[in-house]
Enquirer: 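Just dropping this structure here.
By convention in this document, chain letters (A, B, ...) are assigned in the order of the sequence lines, proteins followed by strands, and residues within each chain are numbered from 1.
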Protein chains: 2
Amino acid sequence: MYERKIPEDLDCGINITMKVLSGKWKPCIIDSIHKGVRRPVEIHAAIPAAAPRVINMQLRELEEFGIVTKKVFPDSVPLKVEYYLTPIGESVMPVIRAIERWGDENKEYVITTSATMESAGK
Amino acid sequence: MYERKIPEDLDCGINITMKVLSGKWKPCIIDSIHKGVRRPVEIHAAIPAAAPRVINMQLRELEEFGIVTKKVFPDSVPLKVEYYLTPIGESVMPVIRAIERWGDENKEYVITTSATMESAGK
DNA sequence: CGGCATCCGGCAAGATACTG
DNA sequence: CAGTATCTTGCCGGATGCCG
């Protein structure tokens with residue numbers, strides 16, 4: 001899913017969703033915000049593997065799609081920013097949950113299969 | 001989702017699923033096979049935007065992950081091949097359906113938002 | 001802390017041509 | 001029809017550095 005930009009492909013619902021969720025960390029970011037992680041630095045702490053710049057980029061894209069909203073506290077020092085899910089963002093949660101659930105349920109299988117693939121592919 | 005290869009990131013269920021579904025057309029391919037589209041040429045016809053080579057690549061990856069199985073009819077002329085979902089592949093369908101449903105329900109919104117983004121971004 | 005600007009490498013995916 | 005080999009390219013994402 002993370003992946004590559006989705007082409008303007010048709011009326012397929014799958015591609016519509018992909019267009020919005022495409023981006024290596026978007027599902028994770030959405031999930032984090034949904035869990036109450038609001039500040040960029042906290043999101044980065046929650047997803048250490050993602051570079052801050054990338055998180056910012058994907059947050060902006062999500063914001064443009066109306067999935068998240070940004071709240072700035074101009075008078076706060078240091079500067080404080082918070083992100084929230086919009087109603088539309090909330091409506092994506094079932095998708096995120098489905099993705100998360102399958103991953104949790106098949107974790108062992110995927111990990112062992114990946115390991116087999118690597119040793120064989122080499 | 002179609003996206004980029006997912007890093008070996010942890011125990012997060014989301015990334016586990018992403019590791020399997022990452023690939024521009026994988027969800028579409030899985031959905032097609034689930035609907036009874038079995039032969040490569042038919043899958044290609046169902047997803048014209050995807051190049052045959054890419055479809056083959058992603059089919060092979062899905063096969064390595066045990067999501068699909070390949071059946072070859074050696075004596076058939078022209079050569080005939082069919083793909084089927086494995087039980088594990090079937091278990092992914094709820095994820096695909098969730099993705100598809102959200103896309104269908106928010107098609108209008110996403111399309112108009114995309115259009116706005118493009119004209120503004122220019 | 002939040003977040004641009006810049007440079008760069010990797011790799012998925014597109015295009016084309018060919019074999020069985 | 002199914003699948004491979006080769007070459008090219010687009011562009012996402014990683015790394016650094018700087019500014020408010």
Enquirer: Go through the steps to decide whether B/Val20 and A/Trp102 satisfy the test side chain to side chain contact (heavy atoms under 4.5 Å, CB included), and finish with yes or no.
Expert: CA-CA 11 Å; B/Val20 177; A/Trp102 191 89; 4.1 Å; yes
Enquirer: Which of the following nucleotides, D/dG3, D/dG13, D/dA2, is nearest to the side chain of B/Tyr83?
Expert: D/dG3
Enquirer: Grab the CZ-P distance between A/Phe73 and C/dG3 for me, whole Å please.
Expert: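 It works out to 12 Å between those atoms.
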Enquirer: Go nucleotide by nucleotide along DNA chain D from the 5' end; which of B/Arg53 and A/Val54 gets its closest nucleotide reached first?
Expert: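 Between the two, 5'-proximity favours B/Arg53.
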Enquirer: For the pair B/Arg97 and B/Glu100, find out whether any cationic side-chain nitrogen is under 4.0 Å from an anionic carboxylate oxygen.
Expert: yes
Enquirer: When the distance from CG of B/Asn56 to P of C/dC18 is rounded to whole Å, what number comes out?
Expert: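 For the pair B/Asn56 CG and C/dC18 P, the rounded distance is 19 Å.
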Enquirer: Tell me whether the OP1 or OP2 atom of C/dC1 has a side-chain N or O from A/Arg39 closer than 4.0 Å.
Expert: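 Checking A/Arg39 against C/dC1: no side-chain N or O falls below 4.0 Å of OP1 or OP2.
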Enquirer: Ignoring backbone atoms, establish whether B/Gln58 has a side-chain N or O less than 4.0 Å from OP1 or OP2 of C/dA13.
Expert: yes
Enquirer: Take atom CE of A/Met57 and atom P of D/dC12, then tell me their distance rounded to the nearest Å.
Expert: 7 Å
Enquirer: Measure the shortest side-chain to side-chain distance between A/Gln58 and A/Trp25 over non-hydrogen atoms and say whether it is less than 4.5 angstrom.
Expert: yes
Enquirer: Out of C/dG2, C/dG14, D/dA2, which has the shortest distance to the side chain of B/Val81?
Expert: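 Closest nucleotide to the B/Val81 side chain: D/dA2.
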Enquirer: Measure CZ/B/Arg60 against C1'/D/dG3 and give the value in whole Å, please.
Expert: 8 Å
Enquirer: Take the protein atom CD of A/Glu63 and the nucleotide atom P of C/dC4, then report the distance between them rounded to whole Å.
Expert: 10 Å
Enquirer: Tell me the interatomic distance from A/His44, atom NE2, to D/dA15, atom P, rounded to whole angstroms.
Expert: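 Nearest whole value for this atom pair: 10 Å.
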Enquirer: Nearest whole Å is fine: how far is C/dA12 P from A/Lys24 NZ?
Expert: 11 Å
Enquirer: Using a cut-off of less than 4.0 Å, is there contact between a side-chain N or O of B/Lys70 and OP1 or OP2 of D/dA2?
Expert: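 Checking D/dA2 against B/Lys70, no side-chain N or O comes under 4.0 Å of OP1 or OP2.
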Enquirer: Passes side chain to side chain contact (heavy atoms under 4.5 Å, CB included), A/Ile30 versus A/Ile67? Steps please.
Expert: CA-CA 8 Å; A/Ile30 294 173; A/Ile67 304 297; 4.1 Å; yes
Enquirer: CD1 of A/Ile29 versus C1' of C/dG3: gap in Å, rounded?
Expert: 14 Å
Enquirer: So with a 6.0 Å cut-off around CZ of A/Arg101, is the heavy-atom count from everything else above 12?
Expert: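 Not more than 12 within 6.0 Å, no.
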